[in-house]
Each structure stands twice: as structure tokens, then as C-alpha cells.
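To keep things clear, I will list the structure first and then write my remarks on it.
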2 protein chains.
Amino acid sequence: MTAQSRPEPADTAGLQLDAYLPYRLSVASNAVSRLIARAYEDRFGLTIPQWRLICVLAEDGPINQSALVSRTGMDKVTVSRAAQGLAKRHLLERSQNDLDGRSHVVALSPEGVRLYAEIAPLALAYEAALIAGLDPSEVALLKRLLMRLQGAAGVLAGERGEGA
Amino acid sequence: MTAQSRPEPADTAGLQLDAYLPYRLSVASNAVSRLIARAYEDRFGLTIPQWRLICVLAEDGPINQSALVSRTGMDKVTVSRAAQGLAKRHLLERSQNDLDGRSHVVALSPEGVRLYAEIAPLALAYEAALIAGLDPSEVALLKRLLMRLQGAAGVLAGERGEGA
DNA sequence: GGTAGATAGTTGCAACTGATACTATCTCGC
DNA sequence: GCGAGATAGTATCAGTTGCAACTATCTACC
């Protein structure tokens, strides 16, 4: 009806922002991230990167920062700053690596372990609330698809690393 | 085996970062957003917010900025800046709204329409590449779940707006 | 064993984002 | 038609992020 004033070329017929996957993904992620970030910030004074480091350290035990980088997929600068922040609050301890003077081994302090034990249930509760009413198989599929998208994006971005 | 050195409280047993939905969501979204943002920036000098405005304007026709805000879910500051940037490049035109001196009506310029026609196929191609190999029903479910998560996050964040 | 290049981590810088405050205009009630 | 509160949009500021450059250390080869 109003098509006269804005002729859409045939090529764009399939494009609707609301149905555009990168858009949907970004909007959903922002909404969830904002929710979670606010919860951690308000109650524990933690940023998302800090919380991720705590998780990985609690799961994997003491490792160095570059391992944290590859484990979390975050930038090394982000990891560095998050670790500094946590160290300042004595939630983690950094020790020199005798085998490699460049790297520091990072580990949760007892206080950090305690904080983790305190936050983890909250984190799980948020996840549970987000997926309430969804079928577990749907959630599993969702996670699988998300990993797949991440992989595809990495490949399309010209990610190097394996093979060549 | 190494459980001795880091006793995990029972409450945290279910928490693994890799399987934590907010984490998966954020990582996937960041990967995809970075890919798309770089593509638009490199080839067209557009930011993601600018591109979203173009999409909505192409789909919906001339509207004012607050409509753009509710349509895209972006902050009004973000919309304002994106619109200014596009106006500076003459990709959109802002006209006074005679009915309301506060609001400006924003519309794509012919040049903006042309740019949209040029970018849209690229955008669709990226989406197609991302979901290559996935079953269409899976993609549909993914989009549905993402919208659902977004809604749940909004509710949990104490979103007001309807009813009370 | 000394030099070239790789790697761990930090610092500096620029861009983006979001909250707050502000101006201008509108609406409503008196 | 005037003042109080709501709304559209902009400007300002602080915090975050990622890239690039840098330092320090390690590895490998001559």
C-alpha cells in the first residue's frame, strides 16, 4: 500500500530485522548479560570477566593467565585487568612461575573459594529462571546451536590456529 | 583425583562455565557481533546501531526517534548518535514534525535506500553462512528461544511497562 | 653464548556504551 | 492561559572494551 514511496528491491525481501539472527542473538545476549552483570555487581561487586575467572579457577584449579585467556575466550587485557581487580580484593593469589619468569600462576584464595561457593547457587538460580518452562532438550539444543554459531563466526572471521 | 586441594561444595556441582547458558550466549553473540560489525564497518563505514536504524527505516518507513528506540530496543542516546552520524552522511533526512515540535521525523534518503539495497544481500549472506548446515526448524527454534530468553531476562530485571 | 624472533603480561589510547542532567516542547488541570 | 509534570531529543561524563605498542622473558639457531 505504501510500497510506492519505498520500493524494496527483490534482494532485500528476505531481510527483516526482527527475524535476523545476529540481531536476535545480540538483543537476547544483551538482555541476559545486563541482568547477570547487575546481579553480580550489586551483590558481590564483581564484573562479568571477574566472575568468569573465578568460575574457571574453581573448576580447573591454578593456571596462568594465558590459559585463562584461551579457556574463557576473553581478551588478554580483559583477563589481566580482571585478575588485578580480584587480586586487590584478595580473592585470588598470583605467584611467580619458577619455570617461566614471564607468567604468573593464578589461583583462588580461600576467600575466593568461599565467594565462589556463595555465588554459584545464585548463578544457577538465574539460569534456571531464564530457562523455566523450556524443555531440557530445547535447552541442550540451544547450547549446541550457540556453540555452532560461535564456531561459524570464528571461521568466517578468518580465524587461524589449526592446520595452516 | 585433585579434589582434595579444592573441595567443591555440593551447591556448585552443577555449575560449569562451558555449559552455563548466559556464558554460551554471550560468547556466541560477541563472536557473531564482531564479525558483522567488522563487515559493515570495513565495507560501508557503518556501525551496528546505524545499520539497525537503516533496516528499520527501510522496513517501516519514516518514523520519529522514539519509535526507533522502542523498535530496536536500543538506548535513546545510541539512537540519537546513530541518526546524527547517518544524517551527516546524508543517508537519512530529518524533518521537523509539525504536530510536535520536540520530535523529528527520520527517513532514509534515496542514497540511504540505495545503501540498504546494497547491504541487505550481504547481511543475508552472512546469516546464511552462519546457519549453513543447520536444519531450518532448528534455526526457527533458536530464534524462538532467543526471544523467550530476552523476555525472561526482561521480566527478571523487573521490567515495567505493561499493567502496573 | 649471543642474537632474532616468539610469548606473557601490562600500559596507553581511542571508541563505544549507558546513566544522568539538561533544554525544549507538549499535555493536563485549574 | 498558566503552571506542574510528562516526553523528545541532546550533551556531558564515567566506565568498559579492544587494539596496538611496549617491557620482560624465553626459545632456537648460529
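Source: prediction; values computed, not measured. Just the heavy atoms: all of them, side chains too, but no hydrogens, waters or symmetry mates, feed the values below. All chains are named by letter (A, B, ...) in the order of the sequence lines, taking the proteins before the strands, and each is independently numbered beginning at 1.
- Ionic pairing of A:Glu138 and B:Arg144 is present here: one or more N-O contacts between side-chain nitrogen and carboxylate oxygen are shorter than 4.0 angstrom.
- Of the residues near DNA chain C, B:Asp100 and A:Arg102, the one whose nearest nucleotide (by heavy atom distance) lies more toward the 5' end is A:Arg102.
- Closest approach of B:Ala120 to A:Leu15, counting heavy atoms only: CB-CD2, 3.6 Å.
- Residue B:Gln65 has no polar side-chain atom (N or O) positioned under 4.0 Å from OP1 or OP2 of D:dT7.
- Here the P atom of nucleotide D:dC19 and the CE atom of A:Met74 are 14 Å apart, to the nearest Å.
- Interface remark: the A:Arg34 side chain does not form any donor-acceptor pair with the C:dG18 base, using a distance-only criterion of under 3.5 Å.
- For A:Ser103 and A:Val77, each mapped to the nucleotide of DNA chain C holding its nearest heavy atom, the one lying further toward the 5' end belongs to A:Ser103.
- In this structure, CG of B:Leu46 is placed 17 Å from P of C:dA15, rounded to the nearest angstrom.
- Between D:dT17 and A:Thr78, no contact under 4.0 Å exists linking OP1 or OP2 to a side-chain N or O.
- Across all strands shown, B:Asn97 has no heavy atoms under 4.0 Å from either base or sugar-phosphate atoms.
- A:Ile36 places its CD1 atom 18 Å from the P atom of D:dT16, with the value rounded to the nearest Å.
- Note: CZ (A:Arg38) to C1' (C:dT17) measures 13 Å, nearest angstrom.
- Contact check, B:Ser66 against D:dT7: no side-chain N or O comes under 4.0 Å of OP1 or OP2.
- Nucleotide D:dT16 holds its P atom 17 Å from the OH atom of A:Tyr40, rounded to whole Å.
- The phosphate of C:dT10 has OP1 or OP2 within less than 4.0 Å of a side-chain N or O from A:Ser80.
- The NZ-P distance, from A:Lys76 to C:dA6, rounds to 14 Å in whole Å.
- Here the closest heavy-atom approach between residue B:Leu130 and residue A:Ala152 is recorded as O-CB, 3.8 Å.
- Defined by atom type and a distance below 3.5 Å, a donor-acceptor pair is missing between the side-chain atoms of B:Gln84 and B:Arg94.
- With rounding to whole Å, A:Leu68 atom CG is found 9 Å from C:dG9 atom P.
- Between A:Asp98 and A:Thr47, the residue anchored closer to the 5' end of DNA chain D is A:Thr47, taking for each the nucleotide with the nearest heavy atom.
- Between D:dT25, D:dT10, C:dG18, one nucleotide has an atom nearer to the side chain of B:Asp75 than all others, and that is C:dG18.
- Donor-acceptor pairing under 3.5 Å is recorded for the side chains of B:Arg52 and A:Ser26.
- The phosphate of C:dT10 (OP1 or OP2) has a side-chain N or O of A:Arg94 nearer than 4.0 angstrom.
- We find that CD of B:Gln96 is positioned 11 Å from C1' of C:dA24, with the value rounded to whole Å.
- Inter-residue side-chain proximity for B:Tyr23 and A:Trp51 is flagged as unmet; no heavy-atom pair is nearer than 4.5 Å.
- In this structure, of C:dG18, C:dC26, D:dA21, it is C:dG18 that holds the atom nearest to the side chain of B:Arg81.
- For the OP1/OP2 pair of D:dG9 and a distance below 4.0 Å, the side-chain nitrogens and oxygens of B:Gln84 include no atom meeting the criterion.
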